[in-house]
Amino acid sequence: MAIERYNPRVAEPKWRDAWDAAKLFQTDNSDPRPKYYVLEMFPYPSGRIHMGHVRNYTLGDVLARYKRSTGFNVLHPFGWDAFGLPAENAARDKNVNPREWTYSNIETMKGQLKTLGFSWDWTREFASCDPSYYKHQQKLFLDFWQHGLVERRAAKVNWDPVDMTVLANEQVIDGKGWRSGALVEQRDLTQWFFKITSMSQELLDGLDTLERWPDKVKLMQSNWIGRSDGLAFEFGLVGAPAGFEKLPVFTTRADTMYGPTFAAISPDHPLATELAKKNPEVVAFIEKCHQLGTSLAEIETAEKMGFDTGIKVTHPADPTWTLPLFIANFVLMDYGTGAIIGCPAHDQRDLDFARKYDLPVIDVFKPLDSDASVGDVAFVPPKTETVRYVQWGGEPTVQTCQEAMERSLALFEEAGWGQRKVQYRLRDWLISRQRYWGCPIPVIHCDACGAVPVPADQLPVELPADVTFDRPGNPLDHHPTWKHTACPKCGRQARRDTDTMDTFVDSSWYFARFTDPWNASEPTTLSVVDGSTGWLPVAQYIGGIEHAILHLLYSRFFVRAMKKTGHLNVVEEPFEGLFTQGMVVHETYKGPDGWVTPAEIKISDADGKRTASLLADGSPVEIGGIEKMSKSKKNVVDPDDIIETYGADTARWFMLSDSPPERDVIWTEAGADAAHRFLQRIWRLVAEAADALRSAEGKGADDEAIAKAAHRALKSVGEDIEKLAFNKAVARLYELVNVLAAPLGTAAETGKASAALREAVDFLIAMVAPMMPHLAEECWAAIGGTEMIAARPWPQYDPAWLVDNDVTLPIQVNGKKRGDLTISRDADQSAVEAATLALDFVQKALEGRQPKKVIVVPQRIVNVVG
RNA sequence: GCGGGCGUGGCGGAAUUGGUAGACGCAAGGGACUUAAAAUCCCUCGAUCUUUGAUCGUACGGGUUCGAUUCCCGUCGCCCGCACCA
């Protein structure tokens, strides 16, 4: 009997329609079963999906389908991170409306994604640019403001001269804008901030509760928050301008307080600014500092520069001890107090500075085994190292730096010279953007009343539709009428805030909105958002490592802020489990005229030598490195092409095979072929034996080998999926199919299938279902299934099949494997030992010696030492 | 510079966390079926040697252990994050 090849183009749409018609993936908030919220990071609607999306959503979909089959009420929603600069760039370059451009992209991408068979609840879909979404975001902003979590203040901000907007510190990479790559300038502007620093410690402490987050991400966040413990004290000032009596300083090395030889302030320090008013030399020096770039290379090569102010500072422990005060280029204004205590012997920067300006160097402590003084390399041992303190308010003392710091802190606190202080690297989150395509900041500026919140009943403050992009700057500001309005307080003419929010705000709470996107009056519905009847935290969040800091930290802040403002009940952390998947990478190809796409070439492989040539004219192509898919390198494959050629299931299967999901996966044509071959193989084996399988009993022990293989595969595949170890689950499925291939062939020939075989095929289809859902439905229907496999429960394995009556133990002699011993599982230690020693290869390996010792690890191994 | 991670066949990767190294897949080679091809099926596939077997082998060098890819110390190489953070 000839069986037709499986045709995904026919089968896949058929099953998707069936799922839709049955509303299988629509989630009911009131369903009493245990809840499981699986979420993939929502995408920016850039125009078309790429293979990275396919991988991300496949991982999430396998989990969602699996969890659904194991009895959970699964929430698996989808939406769009739809505000952002590309829409404005498209508007400017192609003369389209950003809104239309965005929604049209969404339509296109939605169409593409639908063909992949992801089990999303589309009824909950929204885009962050929907007024029905950002209305609530504006409400959150106002509530945060009311609760002291928002602040408007003048600040030195990062200005991107190309994108014509300010950037958050996190969006400045090596001194350049993260999108434009333009050199960022410093400007003084009045801007809106979320006071994320008010939660530094909570955000740090919360990391310890995130057991299912990668350590790497937690570490990155911890470093980013950057807590340091130290001493806060004040220098007295001698000869400083009026109003500057004291100079507050922070140091993490309280133990070096007896070794400073200078003090320094930042060029941006208020005292420096004050001095500049009277002294043109100071002005010149500060200007020189500002001219120095902030790029990586520039910082590394930057000379230490100082300007001696002539002012003296007095040491807190001894007012007669004075030090010179410098303005120094390496002191940052936005960390600590913008002033430092310079202890050259134990800080390389201070030492470089001291050597340049001929300042004294005082050794505070020395190594135990040397009396040498510091030369050009500062002595900075680990804090746990024991050293000899020679410059130490008293007798020389041998102790660790840690101990010395503790003693010093205690001394300074007791004497009233300073206090312990905790300092964080984290800065407040600047959210104002001078852009059009973002959520408007719902504030009205009135000359009489100041910044006034837009009343709740006037939300949303909607973006105007009629905007132009023919000149640089903010279209909202240019708009002829939009910003003019009445002050809600006094009714006089006032102006709307023309800034929009950083788009990271949009993605900081969308996961909460998905729990009830229909609530028109409130951002969240408290009965379903979290707590015993609600969804949050997200049980498994899946996305790229590139969001390790920004998006995830902001979301963690938002959850805390939403709880404070009554928009959440109990939840502390948004994402209970986090999984960061790797990229999809591909070989690159370089032809005579530059990079060429994989579709344009042909690869031949003879005896392991791979060569490539252009399809068009056969000219040779150089096979380059494996890199992240990018348009510039042309090493992209289009998901549409893959689906057209192989179908969605093959693409999904490939994404799960071979590479562990947290690592990069290399997309290859051969791999895609192999995935497709396996899909066809399953179909052929099942379809050819379908008649036999249909008439077989559903459960049975009539073929031990098959039953064992099936139950074992079922157990390990379930466990692997729970661990998101999809590559291992895939390997187990290959193994199972290898076992079933021959019996299925026989069944097809004889028309008879054992009950065990039928059960094994049931298991196989159930296990394949989360990964290749369309194929699973087709197979299930072929062997007589009536309800859809997507609606059926995950089968139960029988533990009885997991144990063998006999075990085969590897036998080692002196640590080297010499053979195997098959023995009853219940055999006790002495029986195993006796049987081992009786083996001829053991005797031979012992060469007549008496065994000194026999180590029997039950069910594992035997090692004879002789 | 600081912090973190990784290193296993030609390739992607397994190895029950101290117990048979190389599962599974790819690539390659050989064979069967076929007029032929495709598809499918079967076999081989870490290295070396004196090849019914043995020795070596998880970046390199040591160590702990009956036993180490796994733990410890050192070296080399690669990757990631942060970076004048006091």
Side-chain angles (χ1 to χ4, degrees), chain A residues 5 174 214-224 226-228 230-231 249-253 256 264 266 292 294 296 299-300 302 304 328-332 334-343 346-350 352-353 380 423-427 545 548-549 603 605-610 626 654 657-660 663-666 668-675 677-678 680-681 684 716 719 725 727-738 741-742 745 808-820 851-857 859-866:
Chain A
R5 279 172 69 80
D174 292 345
D215 289 338
K216 179 189 168 73
V217 174
K218 287 192 274 188
L219 187 71
M220 281 164 73
Q221 292 217 353
S222 168
N223 290 341
W224 189 264
R227 174 181 165 132
S228 39
L231 173 72
V249 181
F250 173 73
T251 178
T252 53
R253 292 303 296 254
T256 64
S266 162
L292 286 176
T294 47
L296 188 68
I299 283 172
E300 270 184 358
K304 298 281 177 284
N329 66 330
F330 66 95
V331 182
L332 306 174
D334 48 9
Y335 185 77
T337 63
I340 62 154
I341 177 168
C343 184
H346 307 293
D347 183 294
Q348 193 59 47
R349 294 160 304 178
D350 295 352
D352 294 346
F353 191 79
V380 191
Q423 186 75 41
Y424 299 92
R425 206 188 74 115
L426 184 67
R427 322 268 172 73
I545 185 75
I549 297 173
I603 301 225
D605 195 334
D607 285 322
K609 267 209 99 103
R610 296 174 73 240
I626 294 165
F654 185 100
S657 308
D658 289 354
S659 291
R663 275 193 234 173
D664 290 352
V665 62
I666 306 169
T668 62
E669 192 80 356
D673 278 338
R677 215 152 50 219
F678 182 65
Q680 292 291 357
R681 186 175 189 216
R684 188 170 7 89
S716 45
E719 289 169 353
N727 58 317
K728 293 189 213 172
V730 162
R732 297 289 87 84
L733 288 171
Y734 273 113
E735 275 176 347
L736 179 60
V737 170
N738 287 343
T808 298
L809 299 173
I811 306 299
Q812 295 181 334
V813 178
N814 292 326
K816 273 185 191 147
K817 191 196 168 191
R818 296 294 167 176
D820 295 304
K852 291 194 192 112
K853 201 170 163 190
V854 179
I855 293 149
V856 179
V857 183
Q859 320 297 328
R860 285 255 194 280
I861 200 167
V862 180
N863 192 9
V864 180
V865 185

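Residue numbering restarts at 1 for every chain, and letters A, B, ... go by the order of the sequence lines.
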Distance between C1' atoms of B/U17 and B/G67 (Å, rounded) = 15 Å
Pair partner, B/A38 [Watson-Crick or wobble, under 3.5 Å] | none
Between A/Asn738 and B/A23, is there a side-chain N or O to OP1/OP2 distance below 4.0 Å?
-> no
Measure the spacing between CG of A/Asp347 and OG1 of A/Thr256 and express it to the nearest 0.5 Å.
-> 8.5 Å
Mate of B/G25 where both pairing distances stay under 3.5 Å, Watson-Crick or G-U = B/C11
Across the strands shown, which category fits A/Val730 at heavy-atom distances under 4.0 angstrom: base, sugar-phosphate, nothing?
-> nothing
Out of B/G4, B/G81, B/G19, whichever nucleotide has its closest atom nearest the side chain of A/Ile549 | B/G81
Rounding to the closest angstrom, what is the interatomic distance between B/C41 and B/C26 at atom P?
-> 11 Å
P gap between B/U58 and B/A68, integer Å | 11 Å
Considering Watson-Crick and G-U wobble pairs with both distances under 3.5 Å, what does B/C2 pair with?
-> B/G81
From A/Arg227 CZ over to A/Tyr424 OH, what is the distance, rounded to the nearest 0.5 angstrom?
-> 4.5 Å
Relative to the ring of A/Tyr734, is the ring of A/Phe678 parallel (under 30°), tilted (30 to 60°) or perpendicular (over 60°)?
-> tilted
For A/Arg5 and A/Gly338, take the nucleotide of RNA chain B holding the closest heavy atom to each; which residue's nucleotide lies nearer the 5' end?
-> A/Arg5
Would you indicate which nucleotide in B/A23, B/A14, B/G3 comes nearest to any side-chain atom of A/Arg663?
-> B/A14
Say you draw a straight line from CD of A/Gln221 to CD1 of A/Ile549; how long is it, rounded to the nearest 0.5 Å?
-> 7.0 Å
OP1 or OP2 of B/U20 under 4.0 Å from side-chain N/O of A/Arg818 = no
A/Thr668 near the nucleic acid: base, sugar-phosphate alone, or nothing, with a heavy-atom cut-off under 4.0 Å?
-> nothing
Pick the P atom in B/G62 and in B/G12, then give their distance to the nearest Å.
-> 28 Å
Any A/Lys728 side-chain N or O less than 4.0 Å from OP1/OP2 of B/A15 = yes
Would you indicate, yes or no, if B/G5 has its OP1 or OP2 atom less than 4.0 angstrom from a side-chain nitrogen or oxygen of A/Lys218?
-> no
Closest non-hydrogen atom pair between A/Phe353 and A/Ala328, with its separation | CE1-CB, 4.0 Å
Side chain of A/Arg677 (C-beta onward), nearest among B/A27, B/G12, B/C66 | B/A27
Side-chain N or O of A/Arg425 less than 4.0 angstrom from OP1 or OP2 on B/A83?
-> yes
Using a 4.0 Å heavy-atom cut-off across all strands, classify A/Gln812 as base, sugar-phosphate, or nothing.
-> base
Is a donor on one side and an acceptor on the other found under 3.5 Å between the side chain of A/Arg427 and the backbone of A/Arg425?
-> yes
Just call it for A/Arg227: base, sugar-phosphate, or nothing, with non-hydrogen atoms closer than 4.0 Å on any strand.
-> nothing
Rounded distance [0.5 Å steps], CD in A/Gln859 versus CG in A/Leu809 | 7.0 Å
Let me know the distance between CZ of A/Phe330 and P of B/A83, rounded to the nearest Å.
-> 19 Å
Heavy atoms under 4.0 Å, any strand shown: does A/Val857 hit a base, just sugar-phosphate, or nothing?
-> base
How do A/Thr808 and A/Val864 order along RNA chain B: which one's closest nucleotide is nearer the 5' end?
-> A/Thr808
Between B/C84, B/G19, B/C26, which nucleotide gets closest to the side-chain atoms of A/Leu332?
-> B/C84
Say you pick atom C1' in B/U20 and the same atom in B/A28; how far apart are they, in whole Å?
-> 27 Å
Output yes when at least one side-chain N/O atom of A/Tyr734 is less than 4.0 Å from OP1 or OP2 of B/G25, else no.
-> no
Residue A/Arg732, side-chain atoms from C-beta onward, closest of B/A86, B/G13, B/A23 = B/A23
P spacing across the pair B/G57 / B/C33, given as an integer number of angstrom | 44 Å
Quick note, A/Asn223 side chain, CB onward, closest among B/G3, B/G12, B/C41 is B/G3
Please determine, for B/A54, whether a Watson-Crick or G-U wobble partner exists with both distances under 3.5 Å, and give it or none.
-> B/U48
Measure the distance from CZ on A/Arg349 to P on B/G1 and round it to the nearest whole Å.
-> 15 Å
Determine: side-chain N/O of A/Asn863 to OP1/OP2 of B/G19, distance under 4.0 Å, yes or no.
-> no
Taking B/G13, B/U20, B/G3 as options, the one with an atom nearest any side-chain atom of A/Asp820 is B/U20
Say you pick atom P in B/C71 and the same atom in B/C6; how far apart are they, in whole Å?
-> 9 Å
Is there a Watson-Crick or G-U wobble partner for B/A59 with both distances under 3.5 Å, and which nucleotide is it?
-> B/U75
Going by atom types only, do A/Arg681 and A/Asn738 share a side-chain donor-acceptor pair under 3.5 Å?
-> yes
Residue A/Thr252, side-chain atoms from C-beta onward, closest of B/A86, B/C84, B/G12 = B/A86
Taking only the side-chain heavy atoms of A/Ala731 (C-beta and beyond), determine which of B/A23, B/U20, B/G25 contains the nearest atom.
-> B/A23
Using atom P of each nucleotide, how far apart are B/G10 and B/U48 to the nearest Å?
-> 10 Å
With a non-hydrogen cut-off below 4.0 angstrom, is A/Asn727 in contact with a base, only sugar-phosphate, or nothing?
-> sugar-phosphate
Remember a base hit wins even if backbone is also touched, and classify A/Thr251 as base, sugar-phosphate or nothing at under 4.0 Å, heavy atoms.
-> sugar-phosphate
Rounded to the nearest 0.5 Å, what separation is found between the CZ atom of A/Arg732 and the CG atom of A/Asn727?
-> 9.5 Å
Minimum-distance nucleotide to A/Ala670 side chain [options: B/A27, B/C56, B/G19] | B/A27
Does A/Lys304 get its side chain close enough to the base of B/C84, under 3.5 Å, for a donor-acceptor pair?
-> yes
Is B/G30 in the syn range, within 90° of 0, or in the anti range?
-> anti
